[in-house]
Number of protein chains: 2
Amino acid sequence: MGKCGQRYTQSRKEIVSAIAKYAQPVGIADLLNVLKELPQSSLYRNLTVLQEAGVVTRVMSSQDGGLYELAERLTGHHHHLVCSVCGDVRDVVVPDALEHDLDAALLRLAKREGFSLDHHRLDLIGRCAKCS
Amino acid sequence: MGKCGQRYTQSRKEIVSAIAKYAQPVGIADLLNVLKELPQSSLYRNLTVLQEAGVVTRVMSSQDGGLYELAERLTGHHHHLVCSVCGDVRDVVVPDALEHDLDAALLRLAKREGFSLDHHRLDLIGRCAKCS
DNA sequence: TTGCTTGCAAATGATTTGCACTGCT
DNA sequence: AGCAGTGCAAATCATTTGCAAGCAA
């Protein structure tokens with residue numbers, strides 16, 4: 001991992017690969033369930049470290065308890081389908097053309113507001129197939 | 001308000017007008033600070049009711065503690081500039097043309113995924129003028 | 001008078017932290 | 001040796017809830 005003194009320990013590897021196994025953001029409970037021997041305090045601590053290291057990202061869900069996923073630089077840029085009924089979150093990729101137009105427009109907008117844009121976050125809210 | 005048996009009580013009016021006074025999403029702490037005589041349990045309870053009544057919306061912030069704002073049907077559709085340094089959230093309106101294209105594209109996308117789209121949420125992440 | 005509201009205090013649940021200990025390097 | 005990582009239990013913070021009393025329709 002590197003820069004500072006963080007080590008890429010066994011636990012951290014396991015956490016990352018556990019998250020990687022899912023095709024969508026994972027909650028703490030699920031992770032604990034998979035990594036049975038890992039105490040939750042360690043999970044939390046490691047997730048924080050991994051976040052700072054830019055390896056994982058925390059996704060805000062309306063449901064309590066945050067969800068975690070691999071950082072975009074590992075998975076590619078994507079957005080989320082958020083089911084407002086069951087709280088399920090799934091990844092989607094929007095067409096490049098749209099993404100491009102969006103970026104251009106948002107950059108212009110941000111500039112006008114004196115805001116230095118880093119990236120954007122786009123969620124589609126609605127009902128998943130199950131909850132329709 | 002109406003449909004069910006919810007009443008538009010004094011406290012609720014005060015909460016709504018307190019939120020309305022801000023030009024941006026407000027945190028619980030700020031609200032309590034303005035509505036000094038209101039116990040926080042009542043604040044929480046009333047915010048929940050107001051949310052269900054479609055009057056206020058809860059905005060997820062990376063910082064702990066949610067932020068609240070008036071529902072879009074009262075303020076108009078808008079998005080957020082989120083400062084990743086100080087956590088400040090400010091409203092922005094994006095050009096109609098873009099909004100329109102976005103909606104069209106997202107609707108198509110959602111349909112393809114078997115997801116029934118209700119609305120979208122778009123945040124611009126970066127640094128506000130102060131934190132640049 | 002029936003049912004929604006309120007306050008208060010206590011309960012919850014998610015996340016964080018202190019501390020002593022283990023393990024890399 | 002010296003710093004980073006770990007477990008556990010206790011602490012913290014935001015939010016929720018039970019209950020008895022107040023108020024509006």
Side-chain angles (χ1 to χ4, degrees), chain A residues 1-19 25-69 82 84 86-89, chain B residues 1-19 22 25-69 82 86-89:
Chain A
M1 198 160 305
K3 50 178 112 180
C4 308
Q6 295 123 125
R7 294 169 193 160
Y8 195 31
T9 61
Q10 190 56 28
S11 309
R12 290 176 189 173
K13 281 177 195 165
E14 284 168 2
I15 292 173
V16 170
S17 78
I19 295 178
V26 208
I28 296 289
D30 294 309
L31 284 175
L32 282 175
N33 205 33
V34 174
L35 306 165
K36 295 196 199 286
E37 344 75 59
L38 186 70
Q40 55 162 211
S41 67
S42 297
L43 212 211
Y44 277 112
R45 259 194 286 235
N46 285 323
L47 283 173
T48 303
V49 172
L50 291 169
Q51 239 182 125
E52 285 163 357
V55 180
V56 307
T57 305
R58 183 177 187 171
V59 177
M60 286 297 173
S61 69
S62 40
Q63 322 271 130
D64 295 57
L67 302 178
Y68 291 83
E69 65 179 1
V82 181
S84 53
C86 67
D88 190 62
V89 178
Chain B
M1 197 161 302
K3 50 177 117 179
C4 309
Q6 294 123 128
R7 294 166 195 162
Y8 195 32
T9 61
Q10 190 56 29
S11 310
R12 290 174 189 173
K13 282 178 196 165
E14 285 166 2
I15 292 173
V16 169
S17 78
I19 295 178
Y22 288 77
V26 207
I28 296 289
D30 294 309
L31 285 174
L32 282 174
N33 206 32
V34 175
L35 306 166
K36 296 198 199 284
E37 345 75 59
L38 187 70
Q40 55 162 215
S41 66
S42 297
L43 212 210
Y44 277 112
R45 258 194 288 233
N46 284 323
L47 282 173
T48 303
V49 171
L50 290 169
Q51 240 184 123
E52 285 164 356
V55 180
V56 308
T57 305
R58 183 176 190 172
V59 177
M60 286 298 175
S61 68
S62 39
Q63 323 271 130
D64 295 57
L67 302 178
Y68 291 83
E69 67 179 1
V82 181
C86 67
D88 190 62
V89 178

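As the structure is a prediction and not an experimental result, all values here were calculated from the model. Below, chains carry the letters A, B, ... as their sequence lines are ordered, and counting in each starts from 1.
Between Lys36(B) atom NZ and dG7(C) atom P the separation is 16 Å, expressed in whole Å. The nearest whole Å value for the distance from the CG atom in Leu35(B) to the P atom in dT5(C) is 17 Å. Here dT17(D) presents its P atom at 14 Å from CD of Gln40(B), a figure rounded to the nearest Å. Rounded to a whole Å, the NZ atom of Lys13(A) is 12 Å from the P atom of dT6(D). Spacing between atom CD1 of Ile28(A) and atom P of dT16(C) amounts to 9 Å, rounded to whole angstrom units. As rounded to whole Å, 9 Å separates atom C1' of dT6(C) from atom CG of Leu38(B). Whole-Å rounding puts the Tyr68(B) OH to dA14(D) P distance at 13 Å. Rounding to whole angstrom units, CG of residue Leu43(A) and C1' of dT6(D) are separated by 13 Å.
Between Leu38(A) and Ile15(A), the closest side-chain pair of non-hydrogen atoms falls below 4.5 Å.
The backbone N or O of Gln10(A) lies less than 3.5 Å from no partner atom in the side chain of Lys13(A), so there is not a single donor-acceptor pair. With hydrogens and angles ignored, the 3.5 Å screen pairs a side-chain donor or acceptor of Arg12(A) with a backbone N or O of Arg7(A).
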Determine whether Leu47(A) and Tyr68(A) satisfy the following criterion, side chain to side chain contact (heavy atoms under 4.5 Å, CB included), listing intermediate values before the conclusion. CA-CA 8 Å; Leu47(A) 283 173; Tyr68(A) 291 83; 3.7 Å; yes
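Taking 4.0 angstrom as the limit, Thr9(A) places a side-chain polar atom (N or O) nearer than this to OP1 or OP2 of dT6(D). For Ser41(A) and dT6(D), the shortest distance from a side-chain N or O to OP1 or OP2 is not below 4.0 Å. In terms of phosphate contacts, Arg12(B) brings a side-chain nitrogen or oxygen within less than 4.0 Å of OP1 or OP2 of dT6(C). One finds no side-chain N or O of Ser11(A) lying less than 4.0 angstrom from the OP1 or OP2 phosphate oxygen of dG5(D). Between Arg58(A) and dT15(C) there is a side-chain N or O to OP1 or OP2 distance below 4.0 Å. The side chain of Tyr44(A) places an N or O atom within less than 4.0 Å of a non-bridging phosphate oxygen (OP1 or OP2) of dT15(C).
Each of dG7(C), dT15(D), dC8(D) was ranked by its minimum atom distance to the side chain of Arg45(A); first place goes to dC8(D). Across dT5(C), dT15(D), dT16(C), the shortest atom-to-atom separation from the side chain of Gln6(B) is found for dT5(C).
Between Ser42(B) and Thr48(A), the residue anchored nearer the 5' end of DNA chain C, judged by the nucleotide with its closest heavy atom, is Ser42(B).
Checked by distance alone, Arg7(A) brings no side-chain donor or acceptor within 3.5 Å of a matching partner on the base of dG2(D).
Note that CG of Asn46(B) and CD of Gln6(B) are 10.5 Å apart. Values are rounded to the nearest 0.5 Å.
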